[in-house]
Amino acid sequence: MSRALIADRLRLSWFALRRGLYHVLARLLTHRFAWLPLPGKSERLVIAPQDLRTSDPTRASEIYAGRFAFSGKIVICDGRSPFEMVPPSEEWAEVLLGFGWLRHLRAADTNITRANARSLVDEWITLLGPWNALAWRPELVARRIISWLTHAPVILDDADVRFYRRFLRMLVRQVRFLRLTAATTRAGTPRLQARIALAYAALCMSKQIRHLRRATNRLVQEIESQVLPDGGHITRNPGALIELLLDLMPLSQAYTARNVSPPSALLNAIDRMMPMLRFFRHTDGTFGLFNGMGPTPPDLLATILAYDDARGTPVNNAPYSGYQRIECGASVLLMDSGYPPPIEMSAEAHAGCLSFELSTKLHRIVVNCGLPATGRESWRHVARATAAHSTVVFNETSSCQFLDAGMFRRTFGTSMAGGPSHIVLAREERDKTVTLRTSHDGYADRFGVVHHRTLVLAGDGNRLDGEDLFLPAKGNFLPNDALDEFAVRFHLHPAIRANRLTEGRSVMLMLPNKDVWTFNAHEDEVEIEESVYLGGPDGPRRTVQIVIHGRARKVPRVYWTFIHVPQLLVGSRRGRSQEPDAPV
């Protein structure tokens with residue numbers, strides 16, 4: 001085990017111990033010692049922030065009928081409280097306990113839905129308010145505080161004084177708990193959302209305003225540590241931008257509503273993150289499937305982009321986030337060229353260094369597998385592997401290692417360590433043709449190989465040339481052993497129909513709009529193998545991947561080309577068809 005990996009394990013162990021101690025203290029102060037001063041009659045709510053997440057008023061009737069459909073699972077309560085039911089999955093429980101579904105009740109805006117909202121909140125206070133390990137996880141407490149504050153009008157409208165005070169006492173108890181545990185909340189998006197929730201509480205509750213300066217300072221520190229100079233998030237998950245902007249933009253409005261100037265770090269972060277939304281978009285409007293990104297929520301993305309005043313062309317180089325974008329003609333190429341995120345923030349990161357995605361004319365051709373919208377945990381170990389990305393895999397091993405020990409997994413999820421430590425990137429643009437020359441050493445320690453990849457996208461976007469080169473990490477020769485097997489993988493979108501041509505070195509690709517592209521491996525044999533596409537809104541789907549197998553000592557260099565075939569030449573192409581459209 002390397003020294004760096006030992007140091008990472010020790011750092012995670014210390015953080016886990018510190019987190020446990022803080023949470024025990026917070027539970028004692030907010031539950032066992034409930035007699036400590038809590039708000040009196042003078043505590044009140046002064047503003048309710050805006051919720052930018054889209055709502056569906058028709059779902060209010062389902063909730064009123066006791067039918068709770070979250071994260072692909074349905075629970076029918078039959079007269080019982082949903083908080084008494086056994087959750088069908090942890091994802092379902094997290095959505096229920098986060099109370100984001102209150103927006104559907106608020107959208108319906110009837111006396112019945114308002115009474116239903118009060119009843120459900122009151123049930124939670126009675127059943128889970130005293131203590132529940134899952135319900136009182138800091139990240140869920142943060143989501144619940146934001147939801148209760150945002151949807152206070154539907155909860156408190158027509159409420160009597162007794163419920164109003166009961167609601168406020170529980171709200172302040174959660175704020176107190178989160179204030180004690182925010183620093184040890186899981187690193188990354190959950191911790192930033194905890195700081196956002198505390199800033200919301202200080203702005204929206206009359207007696208919490210005294211905490212505003214401290215809450216703002218801590219929020220600014222977290223923003224500066226997580227939002228990178230180019231606007232990306234430190235976890236390198238494109239989807240984190242959507243989630244954070246949905247909370248940060250209403251928060252800036254809440255500052256203004258209280259006649260307080262929003263911190264400049266907050267406004268600057270929003271301004272930097274907006275262009276990155278366009279950076280990660282393909283020609284069909286969906287995000288690239290990198291580092292935990294799943295299906296793109298088009299409604300939420302459209303809502304956020306409606307606030308983007310610049311609406312300019314996205315940048316092409318995001319060096320701090322570790323991504324490259326090439327846009328030529330009607331084609332867009334996105335590439336992961338970055339280091340793994342810090343180990344404590346890597347629970348959703350993928351081992352996909354130097355993987356790329358290619359799209360053209362509203363259609364995606366080459367993709368990564370991504371993650372599904374629901375049932376993510378059952379697919380996560382597969383989706384995070386290097387083999388689930390359109391890049392080179394050595395000896396069926398990922399370019400990063402995953403820490404799956406029980407203590408670490410319970411606290412941080414399955415963290416990622418031991419990935420590439422030296423990445424080289426050079427970008428060149430000449431006559432509208434863009435060239436990327438990259439390399440990473442993720443396989444250097446284990447197999448003595450450094451992977452070099454060159455991508456050249458023609459100025460008209462109709463041709464992509466690639467080269468994968470395998471060089472020794474030390475000396476002039478690759479290690480003389482059997483551990484030199486490689487597989488160059490190109491996962492295809494399910495809408496692409498792939499036909500392997502008779503010479504065995506080419507594949508014909510039929511797009512939904514009847515455009516034809518070909519893949520040519522030049523001197524190497526290609527195979528069409530099964531794959532799975534997880535990044536669609538309709539769940540996992542079968543698809544195929546183009547694979548070039550070989551041994552690095554015999555074939556140290558692999559050339560390949562994707563090229564658009566004019567319609568006049570399509571009729572001369574023939575091959576065996578493989579249909580990838582059936583769902584898994």
Side-chain angles (χ1 to χ4, degrees), residues 53-54 56 59 68-75 87-96 98 100-101 139 143 188-190 233 235-243 246 280-282 284-301 334 336 346-352 355 357 359 363-391 398 402 404 409 413-414 416 489-496 529-545 580-584:
R53 291 171 173 82
T54 54
D56 182 2
R59 295 192 61 183
F68 292 82
F70 305 136
S71 301
K73 304 290 185 180
I74 300 176
V75 171
S89 69
E90 187 170 322
E91 291 176 324
W92 184 93
E94 290 174 352
V95 175
L96 175 71
W101 42 267
E139 51 266 34
R143 291 305 327 159
T189 304
H233 190 253
T235 62
R236 307 190 64 236
N237 183 349
L241 301 178
I242 297 177
E243 286 298 315
L246 289 171
F280 286 114
R281 296 181 77 192
H282 276 289
D284 63 351
T286 59
F287 273 23
L289 299 175
F290 300 98
N291 288 294
M293 183 65 199
T296 303
D299 52 344
L300 300 181
L301 184 59
L334 297 175
D336 180 346
S346 63
E348 295 187 354
H350 290 194
S355 63
E357 295 194 342
S359 62
H363 300 288
R364 299 174 72 171
I365 302 176
V366 180
V367 297
N368 296 318
C369 291
L371 270 176
T374 61
R376 296 168 73 92
E377 289 306 318
S378 60
W379 285 99
R380 194 181 298 278
H381 69 288
V382 174
R384 299 179 69 186
T386 302
H389 299 76
S390 294
T391 185
S398 292
F402 299 99
D404 202 26
R409 185 173 64 251
T414 303
M416 191 168 70
R489 300 184 180 275
F490 306 90
H491 296 269
L492 302 179
H493 191 274
I496 304 299
E529 301 179 0
E530 291 186 350
S531 180
V532 61
Y533 180 70
L534 305 172
D538 49 357
R541 298 189 66 188
R542 295 186 188 277
T543 184
V544 296
Q545 57 179 313
D581 292 335
V584 173

Tell me, with the steps shown, if E348 and M293 meet side-chain contact (heavy atoms from CB on, under 4.5 Å).
CA-CA 9 Å; E348 295 187 354; M293 183 65 199; over 6 Å; no
Would you call the rings of F68 and W101 parallel, tilted or perpendicular, taking 30° and 60° as the class edges?
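Perpendicular.
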Please verify the inter-ring angle class for F280 with F287; under 30° counts as parallel, over 60° as perpendicular, anything in between as tilted.
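Plane angle between 30° and 60°, so tilted.
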Determine the minimum heavy-atom distance between [X] and [Y], stating which atoms define it.
X	Y	value
T386	T391	CG2-CG2, 3.7 Å
S390	N368	N-OD1, 2.9 Å
T374	G72	CG2-N, 3.5 Å
K73	P88	CB-CG, 3.6 Å
A383	L534	CB-CD1, 4.0 Å
G288	P238	O-CG, 4.1 Å

Given the rule in the side-chain contact (heavy atoms from CB on, under 4.5 Å) test, do R236 and H350 qualify, once you have shown the distances and angles that lead to the verdict?
CA-CA 9 Å; R236 307 190 64 236; H350 290 194; over 6 Å; no
Looking only at atom types and distance, does a side-chain atom of [X] sit under 3.5 Å from a main-chain N or O of [Y], one as donor and one as acceptor?
X	Y	result
H389	R384	no
S531	T543	no
S346	A349	no
E91	G375	yes

OG on S355 to NE2 on H491, rounded to 0.5 Å
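Nearest 0.5 Å value for the NE2-OG distance: 9.0 Å.
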Gap between atom CE of M416 and atom OG of S398 - 0.5 Å precision:
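So the gap between those two atoms works out to 9.5 Å.
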Would D284 and R364 count as a side-chain contact (heavy atoms from CB on, under 4.5 Å) here? Give the steps.
CA-CA 7 Å; D284 63 351; R364 299 174 72 171; 3.2 Å; yes
Are any of the side-chain heavy atoms of E357 and F290 separated by less than 4.5 Å?
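Yes, their side chains come closer than 4.5 Å.
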Test item: P87 and L96 side chains (from C-beta on) under 4.5 Å apart, heavy atoms:
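When only atoms from C-beta onward are counted, L96 and P87 do not touch, as no gap falls below 4.5 Å.
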Dump the intermediate steps for side-chain contact (heavy atoms from CB on, under 4.5 Å) on R489 and E529, then the final yes or no.
CA-CA 10 Å; R489 300 184 180 275; E529 301 179 0; 3.6 Å; yes
For residues S359 and H282, is any side-chain donor paired with an opposing acceptor at under 3.5 Å?
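Yes, H282 and S359 have a side-chain donor paired with an acceptor closer than 3.5 Å.
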Verify the distance criterion only: is there a donor paired with an acceptor across the side chains of T414 and R380 at less than 3.5 Å?
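No, no side-chain donor-acceptor contact under 3.5 Å.
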